[in-house]
Visitor: 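One structure is given below, represented as structure tokens, and several questions about it will come after.
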Amino acid sequence: VREASVPYIEWDTSLSVGVDELDQQHRHFMQVLNYLHDRLLRAPGHELLEARRLTIEGLQEYVDEHFAAEERYMHHIGYPDLPRHRRLHEEFTARVRGFRSAMEGAGQLLSSELMKELLTWFHQHLTTEDRKYRQYAASRPQNAT
Ligand SMILES: [Fe+2]
Ligand SMILES: [Fe+2]
């Protein structure tokens with residue numbers, strides 16, 4: 001029996017950062033994680049390898065595109081904490097790169113450890129760091145995007 005302790009995550013409006021493009025990317029990332037979770041619970045072993053490969057590739061695309069878009073937006077609104085936020089993105093990007101090469105090298109089976117780490121990082125980052133630039137944008141005098 002595979003571990004079933006990782007919950008699905010659901011989008012709700014409290015997770016919005018106030019920018020449609022970035023919200024869409026966050027939702028996409030949730031879909032990738034939920035897909036992986038579903039495969040983890042249901043798929044036979046050979047499908048797990050494939051699911052994990054697709055997920056890691058999807059994830060890498062996500063980090064590259066999403067982080068770039070988010071950093072452009074933060075720059076655009078003059079967000080003062082951008083250097084630190086960018087550093088957090090870079091650390092996560094390096095983790096994903098590490099996952100990918102470990103997976104390609106060893107062909108390991110999907111683990112729920114990976115799921116937990118991704119979910120935990122994503123949820124924490126979204127509800128703390130990404131929320132901060134939303135609050136900053138909302139508090140600016142001109143309140144423009
Ligand atoms: Fe971010
Ligand atoms: Fe984000």
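Order of appearance sets the numbers: ligands from 1, and atoms from 1 within every ligand. One is the number of the first residue; the rest follow in order along the sequence.
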Visitor: Flag the pair E90 / R95 as yes when at least one side-chain heavy-atom distance between them is below 4.5 Å, and no otherwise.
Guide: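 When only atoms from C-beta onward are counted, R95 and E90 do not touch, as no gap falls below 4.5 Å.
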Visitor: Output the distance between atom OH (Y79) and atom CD (E71), rounded to the nearest 0.5 Å.
Guide: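 Here the rounded value is 12.0 Å.
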Visitor: With sequence neighbours excluded, tell me which residues meet ring pair (Phe, Tyr, Trp, His ring centres under 6.0 Å) with F29.
Guide: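 Listed in chain order: Y62, F122.
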Visitor: I need the NE2(H85)-the Fe ion (ligand 1)-NE2(H89) angle, rounded to 10 degrees.
Guide: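 Angle NE2(H85)-the Fe ion (ligand 1)-NE2(H89): 90°, rounded to 10°.
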Visitor: Listed by chain and number, what are the salt bridge (charged side-chain N to carboxylate O under 4.0 Å, His left out) partners of D81, not counting sequence neighbours?
Guide: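 D81 satisfies salt bridge (charged side-chain N to carboxylate O under 4.0 Å, His left out) with R84 only.
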Visitor: By residue and atom, what protein N/O/S atoms are less than 2.8 Å from the Fe ion (ligand 2)?
Guide: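 Listed by chain and number, the nearby protein N, O or S atoms are H26 NE2, H66 NE2, E70 OE2, D130 OD2.
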Visitor: Aromatic contact between H26 and H66, with the criterion being ring centroids under 6.0 Å apart: yes or no?
Guide: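 Between H66 and H26, which both carry aromatic rings, the centre distance is below 6.0 Å.
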Visitor: Not counting sequence neighbours, which residues clear side-chain hydrogen bond (donor to acceptor under 3.5 Å, both in side chains) with H125? List them please.
Guide: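 For H125 the side-chain hydrogen bond (donor to acceptor under 3.5 Å, both in side chains) partners, ignoring immediate neighbours, are H85, H89, D130.
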